[in-house]
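Okay, so here's the structure we're looking at.
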2 protein chains.
Amino acid sequence: MRNTKADRRSQRTRGLLSGALVALMVEQRYDEITIQDIINRANVGRSTFYAHYLDKEDLLVSNFTRTIDSLIDHGDPGTRPGLAPFFRHVQSQQQLYKALVRGGGIDLLYKKSQAHIQRSIKTYLEALIPAGQPPAAPVDLIAECMAGTMLTMLKWWLDHEMPRSPEEMDRLFHDLMLPGIVATLQITPGPP
Amino acid sequence: MRNTKADRRSQRTRGLLSGALVALMVEQRYDEITIQDIINRANVGRSTFYAHYLDKEDLLVSNFTRTIDSLIDHGDPGTRPGLAPFFRHVQSQQQLYKALVRGGGIDLLYKKSQAHIQRSIKTYLEALIPAGQPPAAPVDLIAECMAGTMLTMLKWWLDHEMPRSPEEMDRLFHDLMLPGIVATLQITPGPP
DNA sequence: TCGATACTGTACAATGTGTTCGATAGAAAC
DNA sequence: GTTTCTATCGAACACATTGTACAGTATCGA
């Protein structure tokens with residue numbers, strides 16, 4: 001029920017279901033959408049849905065894991081200088097992300113990807129600590145706080161009709177978090 | 001259906017229902033608990049439940065709003081010097097809070113109380129800004145980030161069997177957040 | 001004691017979920 | 001072009017949960 005990628009019909013069905021979910025999410029909260037709604041909108045049989053996905057959440061995750069991953073890759077301070085690309089990416093698909101924020105879908109996706117996100121940030125942080133020096137604070141906790149703050153900022157930004165530019169949001173994040181991280185981990189500040 | 005406080009029977013029923021919810025939350029995730037489970041455990045008729053509460057969430061909120069409020073009052077940096085009392089309070093009722101964190105109930109309560117929490121923090125922050133000076137950053141965003149970080153730390157602490165003392169957690173929070181707040185709002189640092 | 005009201009227990013309709021299965025249409029393989 | 005897969009359909013099914021209704025009973029407060 002999952003090695004169904006090759007067949008053109010499967011691709012079609014998956015596309016229809018994803019599209020229906022997105023369309024519905026723009027109209028109403030994610031958690032109020034039923035599987036019945038989705039298959040009605042997609043014009044797909046009930047059993048067909050279950051041939052592809054376990055449940056509604058599986059559909060959401062399957063379709064947005066890649067989106068979230070690209071979001072991390074854009075924004076991860078470990079590989080990129082800042083969060084501006086992160087916010088630009090969100091801005092370019094604001095309808096989708098607004099829908100995700102409104103309906104609580106973003107929290108679900110965050111939970112699913114948290115391990116990934118956190119690992120990424122933790123690696124970044126550990127690279128900042130001089131070798132041999134024991135961390136002055138739990139690095140995983142700091143990483144969680146960073147990821148959480150990023151999410152909070154993202155939500156606030158979308159909820160308030162994006163009143164600041166991606167560059168300003170990036171600046172805000174750095175001003176708010178970096179001094180504390182430097183102090184907590186007892187490291188020397190990196191590049192601005 | 002709500003002015004039912006005086007009658008001893010009502011108090012009894014409410015007590016039974018709250019107790020059943022808490023007991024069940026210790027055993028299994030909040031979101032997996034059904035109303036049927038609750039009334040079975042409480043030994044209360046189905047219609048009686050609906051005579052008191054609208055749904056499961058209403059029961060949760062009704063019973064824990066006071067708990068959460070006291071939590072804020074303990075921890076609010078606006079009225080208290082630090083978060084140590086906050087973490088001590090959680091520690092003293094760790095079973096309950098662990099259950100809330102595990103089952104996702106804490107997120108629900110957080111959403112319900114967020115307006116209250118945020119207002120409290122915002123007031124505190126605004127008091128730090130010299131009169132007449134326009135804030136250098138959106139104060140409500142900073143407040144949200146602070147509240148979010150407090151919640152993140154709370155979850156981490158409980159998920160990791162509380163490896164640090166309440167005083168250390170307080171210290172960590174201040175070291176992590178205060179420098180950034182001072183920098184972002186362009187204010188002078190307050191008492192340690 | 002008596003009137004008010006909270007509780008019980010059951011039945012009920014409505015909704016959503018996930019599964020099953022034979023028939024059909026469409027894809028891929030040759 | 002024929003054959004062989006296989007994805008889809010559609011309907012039926014069992015099941016769980018929710019929220020409401022109502023008549024009888026128990027308990028409360030005065």
Side-chain angles (χ1 to χ4, degrees), chain A residues 1-25 27-63 99 102-105 107-108 111-112, chain B residues 1-25 27-63 103-105 107-108 111-112:
Chain A
M1 285 189 184
R2 193 44 70 85
N3 285 347
T4 317
K5 292 179 181 174
D7 202 312
R8 206 177 296 162
R9 290 169 294 180
S10 295
Q11 294 181 331
R12 189 186 87 98
T13 299
R14 286 174 166 266
L16 286 171
L17 288 172
S18 313
L21 178 60
V22 172
L24 286 167
M25 276 200 306
E27 294 169 18
Q28 53 181 318
R29 297 179 50 86
Y30 165 78
D31 39 275
E32 283 168 355
I33 298 170
T34 67
I35 293 181
Q36 197 64 54
D37 294 334
I38 298 172
I39 61 183
N40 285 348
R41 177 68 65 105
N43 246 311
V44 153
R46 180 166 200 73
S47 36
T48 306
F49 177 93
Y50 287 104
H52 287 273
Y53 304 102
L54 294 170
D55 50 27
K56 195 178 65 166
E57 193 178 319
D58 191 30
L59 171 60
L60 181 76
V61 172
S62 294
N63 282 291
R102 253 195 323 120
D107 294 313
L108 252 168
K111 266 179 204 154
K112 284 279 171 187
Chain B
M1 289 189 180
R2 192 46 69 86
N3 285 346
T4 317
K5 293 179 182 174
D7 202 312
R8 205 176 296 162
R9 291 169 294 179
S10 295
Q11 294 181 330
R12 187 185 87 97
T13 299
R14 287 174 166 267
L16 286 172
L17 288 171
S18 313
L21 179 59
V22 172
L24 285 167
M25 276 201 305
E27 294 170 18
Q28 54 180 318
R29 297 179 50 86
Y30 165 77
D31 40 275
E32 282 168 355
I33 298 170
T34 68
I35 293 181
Q36 197 63 53
D37 293 335
I38 299 172
I39 61 183
N40 284 348
R41 177 70 65 106
N43 247 310
V44 153
R46 177 164 201 74
S47 28
T48 306
F49 177 93
Y50 287 104
H52 287 274
Y53 304 102
L54 294 170
D55 49 28
K56 194 178 67 167
E57 193 177 320
D58 191 30
L59 171 61
L60 181 76
V61 172
S62 294
N63 282 290
D107 294 313
L108 252 167
K111 267 180 202 151
K112 285 279 170 190

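All chains are named by letter (A, B, ...) in the order of the sequence lines, taking the proteins before the strands, and each is independently numbered beginning at 1. Not measured: the values here are computed from a predicted model.
- A heavy-atom distance below 4.0 Å to DNA chain C is reached by none of the residues of residues 16-25 of chain A.
- In terms of the ring pair (Phe, Tyr, Trp, His ring centres under 6.0 Å) criterion, A/Y30 has no residue partners (sequence neighbours excluded).
- Among pairs with a residue in residues 16-25 of chain B, none fulfils salt bridge (Lys or Arg N to Asp or Glu O under 4.0 Å), at least two apart in sequence or across chains.
- If you take CG of B/N40 and P of D/dT17, they are 10 Å apart, rounded to a whole angstrom.
- Residues satisfying the salt bridge (charged side-chain N to carboxylate O under 4.0 Å, His left out) criterion with B/R46, sequence neighbours excluded, are absent altogether.
- Side-chain N/O atoms of B/T48 include one lying less than 4.0 angstrom from OP1 or OP2 on C/dT8.
- Residues A/K56 and A/L60 fail the side-chain proximity criterion, which asks for heavy atoms closer than 4.5 Å.
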List the protein contact pattern of nucleotides 11-23 of chain C with one symbol per nucleotide (5' to 3'): B for base contact, S for sugar-phosphate-only contact, - for none; contact means a heavy-atom distance under 4.0 Å. -----SBBBB---
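- Annotation: salt bridge (Lys or Arg N to Asp or Glu O under 4.0 Å) contacts involving residues 28-38 of chain B, sequence neighbours excluded, comprise B/R29-B/D31.
- The separation between A/H52 atom NE2 and D/dA7 atom C1' is 7 Å, rounded to whole Å.
- A search for side chain to side chain contact (heavy atoms under 4.5 Å, CB included) contacts involving B/A20 returns B/I38, B/R41, B/A42, not counting sequence neighbours.
- No side-chain heavy atom of B/Y50 sits under 4.5 Å from any side-chain heavy atom of B/I39.
- Qualifying salt bridge (charged side-chain N to carboxylate O under 4.0 Å, His left out) partners for A/R12, counting only residues two or more places apart in sequence or in other chains: none.
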Check nucleotides 27-29 of chain C for protein N or O atoms closer than 3.5 Å to its own N or O atoms and list the pairs.
residue : atom : partner : partner atom : Å
C/dA28  : OP2  : A/R8    : NH2          : 3.2

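- For A/K111 against B/D107, the heavy-atom pair with the smallest separation is NZ-OD2, 3.8 Å.
- Residues forming a side chain to side chain contact (heavy atoms under 4.5 Å, CB included) with A/K112 (at least two apart in sequence, or on another chain): A/E57, A/V61.
- A distance of 10.0 Å separates CG of A/L17 from CD1 of A/I35, quoted to the nearest 0.5 Å.
- Take B/T13 and apply the side chain to side chain donor-acceptor pair (under 3.5 Å) test, not counting sequence neighbours, and it matches no residue.
- Atom OG of B/S62 sits about 11.5 Å away from atom NE2 of B/H52, to the nearest 0.5 Å.
- Atom-to-atom, CD of A/Q11 to P of C/dG26 comes out at 17 Å; the value is rounded to the nearest Å.
- End-to-end axis angle for the helix from C/dT1-D/dA30 to C/dC30-D/dG1, using five pairs per end and rounding to 10°, comes out at 40°.
- When the P atom of D/dT27 is taken as reference, atom CZ of B/R12 falls 9 Å away, rounded to whole Å.
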